[in-house]
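Shown next, in structure tokens, is the structure this report addresses.
Proteins come first, then strands; the chains are lettered A, B, ... in the order of their sequence lines, and each starts at number 1. Remember, it's a predicted structure, so these values are computed and weren't measured experimentally.
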2 protein chains.
Amino acid sequence: MKTPDIQPLRASLASRTVEIADQTRLPGEWKIVSLASVGEAAHAIRTMQVRGAPLIGATAAYGLALALHVDPSDSGLRRAYALLLATRPTAVNLRWALDRVVKAVSSLAAASRADAAWREADAIAEEDVKTNLAIGHHGVALIERLAADGHNPVQILTHCNAGALATLGWGTATAPIYVAHDSNVAVHVWVSETRPRMQGARLTAWELRASKVPHTLIVDAAGALLMQQGRVDLILVGADRVAANGDVCNKIGTYEKALAAQDNGVPMYVAVPSSTIDWTLADGSRMPIEERDSGEILHDVGGEVIAPAGTPVLNPAFDVTPARLLTGLITERGICRPSAENLAEMFPEQQA
Amino acid sequence: MKTPDIQPLRASLASRTVEIADQTRLPGEWKIVSLASVGEAAHAIRTMQVRGAPLIGATAAYGLALALHVDPSDSGLRRAYALLLATRPTAVNLRWALDRVVKAVSSLAAASRADAAWREADAIAEEDVKTNLAIGHHGVALIERLAADGHNPVQILTHCNAGALATLGWGTATAPIYVAHDSNVAVHVWVSETRPRMQGARLTAWELRASKVPHTLIVDAAGALLMQQGRVDLILVGADRVAANGDVCNKIGTYEKALAAQDNGVPMYVAVPSSTIDWTLADGSRMPIEERDSGEILHDVGGEVIAPAGTPVLNPAFDVTPARLLTGLITERGICRPSAENLAEMFPEQQA
């Protein structure tokens, strides 16, 4: 894999440094911020300097390691865990990564906990790179099949950013796209801008441009029109949490994309590492949906007021797409139709 | 009807003045602009100082009258007609209003054409007020039925602005809402912000606030989530063009709302004056879809860059909602399920 060469997080145990790219500055500026404490790691997740389910998980894992350098006691571990877990409610990778680190360190003596936590965070980050690549290799088959059927370029729509900027490697939804592009399969990506935070316009357009993947930016609502016009061959998105039956919680607007895909016979796949699957949720009915600040809707990117001052706002950041609307899930183990049975078969070790 | 007291266009034959509110300045400022020539009228429509199908039609009619004051010849009439018709491609009321004026003046001597055109424009404007009111009185029955079923408040979602600001009176989609509000039926309106021009956030939120109708602003994609959560009882939108079979061309995002409405059993109605029905189109497959400037998507309201410089953009302003997804059409003559048969029955004089 050649592209992309984008590293939204770098950590070094030798120098005990965690550096992130502040994604709130994109596309204007690639600004590196050092995280020196668990408080700074929590702040980076909460304010979306880092975002994307896998990247949130890895950042939280390093945040726990930073905390244990200062206070490796059981109570210190509990406090840091609670602080980090409360930063964002929807992405389950956050809890998954924190639980992995806790499991790796809790039986150890206090003095060796910080280094062990750091090594576990490193393992999470390294596995994410491999997971991205596996998703890319499984998913590219879908694109190659469309290309073989005469789609030139293969027209792929994505929503939000489930790209290199959301992970440690090639992204989830974007991994098959990057693999196809590197293999000289002609692709073109419709980038859904993703209100209100504009992760499509600010981040996905930025990284596709950096990687020279042809793309066109649209407003979120234009996706359905393009599908109606036969201009979308495939939809690829990521997720923040997947229930055991394949219901998908992802950025607000994903559910509408799935409805339009179904109405127009466009295949839609959700690409996720298995760490995004929440085996404790039987279905999507009880997904925690984060509600964010009204300012994200009342003010534009530059801070100018859009709506009348005092306008009441509701700002849910995610929605739930029922498994019945999706063609498939792409995980590091392969592709399956989303159902409790298929997911259980793909991940037998997760079944009670 | 008490509310609203919003006049986006005032014209006086006595003083030969046409004044509009520049809607690109809202919600910040209610700025009146005088239109002194057909060129200024065309500019006001093209730049969306006036927008909304009925208001575009009335403004174009006055624009033709302004042109005939200067040059009442046949060639002057043809030139002005062509100039105005080319301003916006999708709203059929534009052509309808221009054709009415042409029909009213073309057999007259040149000297009397301008005044006759003005009187026809006045008639179009006065009829629009009556049409709005009739739509309001037909449509309020839907809201009253929901209130009687225990919905308190009745939760109504609307998209874009089909309100007082889009018409000469109470709006199309908003007319039933204003009638209900005036009759003390408790309503609450979910205002879909409507990317990229933000007519929901800038205009609908503004006029509902001015009229003291309870409302909450959401991003476009949140409508589907709210329907899934059972928080929407009714969807009311306007349209820019309706085909003879009831297919509806309206602001981009309307089709997605209809898909979500169908998936969640939420009734969805499109409120239009009959002047919005294009009897020459058998269905929605050949609706002209306006594509607007990339700057509307690349820059925010305040002019700040959102996406990377040079990002390719596609900016379609409308989409087509198939009649099969809609519960009904509300016209000045009543409510019907959208089909060629029902529309033909409601408007027998339009059938060849």
Side-chain angles (χ1 to χ4, degrees), chain A residues 26-28 159 190-191 193-196 198 200-202 205-206 209-210 214-226 228 251-257 259-260 262-263 289 294 296-298 300-316 318-320 322 325, chain B residues 26-28 159 190-191 193-196 198 200-202 205-206 209-210 214-226 228 251-257 259-260 262-263 289 294 296-298 300-316 318-320 322 325:
Chain A
L26 286 173
H159 185 59
W190 297 108
V191 178
E193 64 176 9
T194 316
R195 279 285 293 162
M198 297 288 190
R202 292 194 304 106
W206 182 88
R209 191 173 178 80
H215 60 281
T216 302
L217 180 64
I218 55 174
V219 298
D220 299 330
L225 174 70
L226 293 174
Q228 209 176 33
K251 180 53 41 67
I252 192 94
T254 304
Y255 172 39
E256 285 192 346
K257 297 282 164 292
L259 289 166
Q262 189 194 46
D263 202 46
I289 307 265
S294 64
E296 293 184 354
I297 294 183
L298 287 174
D300 69 11
V301 171
E304 183 142 330
V305 169
I306 302 171
T311 297
V313 165
L314 185 73
N315 185 13
F318 301 92
D319 63 21
V320 178
L325 296 175
Chain B
L26 286 174
H159 185 59
W190 297 108
V191 178
E193 64 175 9
T194 316
R195 281 283 295 162
M198 296 289 190
R202 293 194 303 106
W206 182 88
R209 190 172 178 80
H215 60 282
T216 301
L217 180 63
I218 55 173
V219 297
D220 299 329
L225 174 70
L226 293 174
Q228 209 176 32
K251 179 54 40 69
I252 192 95
T254 304
Y255 172 39
E256 285 193 346
K257 298 281 165 294
L259 289 167
Q262 189 194 47
D263 201 47
I289 307 265
S294 64
E296 293 184 355
I297 294 183
L298 287 175
D300 68 11
V301 171
E304 184 144 328
V305 169
I306 302 170
T311 297
V313 165
L314 185 73
N315 184 13
F318 301 93
D319 63 22
V320 178
L325 296 175

Under 3.5 Å, side chain of B:D300 to main-chain N/O of A:G302, donor-acceptor pair present?
-> yes

Interface check, chain B: of A:S294, A:G310, A:P322, most non-hydrogen pairs under 4.5 Å belong to A:G310

Looking at side-chain heavy atoms only, is the closest gap between A:L217 and B:I306 below 4.5 Å?
-> no

Residue B:V191 versus chain A: region with a heavy atom under 4.5 Å | neither

Measure across B:L225 and A:P316 and return the closest heavy-atom pair with its distance rounded to 0.1 Å.
-> CD2-CB, 3.5 Å

Largest heavy-atom contact set with chain B, pairs under 4.5 Å, which of A:G253, A:G303, A:A222 | A:A222

Whatever's closer than 4.5 Å to a heavy atom in chain A on B:L26 counts as neither

Considering only heavy atoms and a distance below 4.5 Å, find which of B:A307, B:A309, B:P308, B:A201 pairs most often with chain A.
-> B:P308

Most heavy-atom pairs under 4.5 Å with chain A, out of B:D220, B:L325, B:V320, B:I218, belong to B:V320

Run the numbers on A:L226 and B:L314 for side chain to side chain contact (heavy atoms under 4.5 Å, CB included), then give the verdict.
-> CA-CA 10 Å; A:L226 293 174; B:L314 185 73; 3.7 Å; yes

Spacing of A:R202 atom CZ and B:T311 atom OG1 [to the nearest 0.5 Å] = 12.5 Å

Does the pair A:L259 and B:D263 meet the rule for a side chain to side chain contact (heavy atoms under 4.5 Å, CB included), with working shown?
-> CA-CA 8 Å; A:L259 289 166; B:D263 201 47; 3.4 Å; yes

At their closest point, which heavy atom of A:A221 faces which heavy atom of B:E256, and how far apart are they?
-> CA-OE1, 3.9 Å

Best-contacting candidate, A:T194, A:I252, A:D319, A:I289, against chain B by heavy atom pairs under 4.5 angstrom = A:I252

Donor-acceptor contact present, side-chain B:E193 to main-chain A:I297, <3.5 Å = no

Interchain contact, B:R209 with chain A, by part (heavy-atom threshold 4.5 Å) | side chain

